[in-house]
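Following: one structure in structure tokens, then a few remarks.
Treat the numbers as computed from the prediction; the structure is a model and nothing was measured. Here, residue 1 is the first one in the sequence, and each next residue gets the next number.
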Amino acid sequence: METGSEKDVICLIEEKYGKMSKSHRKIADFIKEHYDQAVFMTAAKTGEVLGVSESTVVRFASALGFDGFPDFQKTLAAWVKDKLNAVSKMGAKYGQSSQSELLTTVLRGDMEKINDTIERVDPVAFETAIDTIVSAKNIYIVGIRSCEPLADFLSFYLNMIRGNVILLRTTSVSEMFEQMIRIDEQDALIGISFPRYSMRTLKAMEFANDRNAKVIAITDSPHSPMNLYSSCNLFARSDMVSIVDSLVAPLSLINALVVALCLKCPREVKENLEMLEQTWNNYQVYLNDEINFIDKAPVLDYSLMRRTDS
């Protein structure tokens, strides 16, 4: 089967996911989340575990363009083997490099990803994302696993720019729904996910979409399943020949969002930062050991030092 052998089988599933029936989506979800188990399961066993018929599982494989379930399973096994060989791949690419060469290679790779991201990002989508974040009553942010630091970063700075920012923290889909149960058409959700994509993030985006909230996706490509429920898509490259995905380009994209928002709402940002600075000073949070860059010139607060000296 030419299509299956040439293409990442999970990407193939994701491309066709939007047109799948409910039972086929159930199979697709299971394979993406439990591929390490699915690769050893027959069509009959897969159907038994998921509560669907064996023929439904066979038709699922055929709908993807495979000659049958064994053909699909063979391609899935090759994909799993490729994933498990990530460490070997890294050794093949970097094994003969010195430490300094390794540093240069990785940094150059990140530079390439940022350059590629510049080409991929749609300026109209970027402007739409800014307007959506500014106008939304509440902003929900979700990023799972390796995307959690990206969600934390965005949440931290959005809280400085505006209020009503909710960072969804959860270990299950049900807990996520509980945190966003009041989301509606006045709100917006930002979903951040890169391969391997998070089903919990996708479900949160689906739920927000069903509630008529604005949904922004920060992901890697037009083929990402995160685009199924989003009205605004921002793409950044994250792939890397390593056991660790590169988050430099996604973080750069998020940083651009934060800067653009600061320029969009300068008065609100200044007021919020001044309020934070006053709070820090009042409670001596940083022992006045910070430079205030709110004004054009840095202002050092020596009030605590004066009290100490007197």
Working to the nearest 0.5 angstrom, can you tell me the gap between [X] [atom1] and [Y] [atom2]?
X      : Y      : atom1 : atom2 : result
Phe207 : Met176 : CZ    : CE    : 11.5 Å
Leu168 : Glu148 : CG    : CD    : 11.0 Å
Glu127 : Asp122 : CD    : CG    : 10.0 Å
Asn159 : Ile139 : CG    : CD1   : 11.0 Å
Ile141 : Ile190 : CD1   : CD1   : 5.0 Å
Lys214 : Ile216 : NZ    : CD1   : 10.0 Å

According to a hydrophobic-cluster definition based on side-chain heavy atoms being under 4.5 Å apart (Ile, Leu, Val, Met, Phe, Trp, Tyr only), do [X] and [Y] belong together?
X      : Y      : answer
Val248 : Leu253 : no
Phe156 : Leu247 : yes
Tyr229 : Ile181 : yes
Leu150 : Val121 : yes
Ile13  : Phe40  : yes

Does the side chain of [X] reach to within under 4.5 Å of the side chain of [Y], using non-hydrogen atoms?
X      : Y      : answer
Val9   : Phe72  : yes
Ile133 : Leu158 : yes
Arg237 : Asp220 : no
Phe235 : Pro222 : yes
Leu76  : Ile31  : yes
Leu167 : Val165 : no
Ile183 : Met180 : yes
Ile192 : Ile254 : yes

Of all the heavy-atom pairs spanning [X] and [Y], show the shortest one and how long it is.
X      : Y      : result
Ile114 : Ser252 : CD1-OG, 4.0 Å
Val134 : Arg162 : O-NH1, 3.9 Å
Ala151 : Gly143 : CB-N, 3.8 Å
Thr219 : Ser224 : OG1-OG, 2.8 Å
Lys16  : Ala63  : CD-O, 3.8 Å
Met20  : Phe60  : CE-CE1, 3.7 Å

- Query: side chain to side chain contact (heavy atoms under 4.5 Å, CB included) between Arg211 and Glu185: does it pass, once the steps are laid out?
  - Reply: CA-CA 6 Å; Arg211 292 295 189 91; Glu185 68 279 357; over 6 Å; no
Donor-acceptor pair, side chain of [X] and main chain of [Y], under 3.5 angstrom:
X      : Y      : answer
Asn255 : Leu251 : no
Asn227 : Ser221 : yes
Asp71  : Asp67  : yes
Gln73  : Val39  : yes
Ser193 : Ser198 : yes
Gln179 : Arg169 : yes
Arg25  : Lys19  : no

- Would Asn233 and Ser230 satisfy side chain to side chain donor-acceptor pair (under 3.5 Å), going step by step from the backbone distance to the final call? CA-CA 7 Å; Asn233 304 315; Ser230 59; 2.3 Å; yes
- Item | Under 4.5 Å side-chain linkage, directly or through intermediates, the cluster mates of Val259 | Leu263
- Sequence neighbours left out, what passes side chain to side chain donor-acceptor pair (under 3.5 Å) with Ser53? Give chain and number order.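 With sequence neighbours excluded, Ser53 shows a side chain to side chain donor-acceptor pair (under 3.5 Å) to Ser55, Thr56, given in chain and number order.
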- Task: Step through the shown structure and confirm whether more than 12 heavy atoms of other residues, nucleotides or ligands are within 6.0 Å of OH on Tyr157.
- Result: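 No, OH of Tyr157 has 12 or fewer neighbouring heavy atoms, counting only those of other groups under 6.0 Å.
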- Using the side-chain hydrogen bond (donor to acceptor under 3.5 Å, both in side chains) rule, collect all pairs that involve residues 129-144, keeping only residues at least two apart or in two chains.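 Residue pairs passing side-chain hydrogen bond (donor to acceptor under 3.5 Å, both in side chains), neighbours aside: Asp131-Lys264, Asn138-Asp187.
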Listing, residues 41-50 side-chain donor-acceptor contacts under 3.5 Å, not counting sequence neighbours, or none:
{"residue": "Thr42", "atom": "OG1", "partner": "Lys45", "partner atom": "N", "Å": "3.1"}
{"residue": "Thr46", "atom": "OG1", "partner": "Thr42", "partner atom": "O", "Å": "2.8"}

- Message: Checking Tyr197 now: which residues fulfil ring-ring contact (aromatic ring centres under 6.0 Å, His included) with it, not counting sequence neighbours?
- Response: none
- Query: In chain order, what residues pass the ring-ring contact (aromatic ring centres under 6.0 Å, His included) check against Tyr17, with sequence neighbours excluded?
  - Reply: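 Listed in chain order: nothing, the list is empty.
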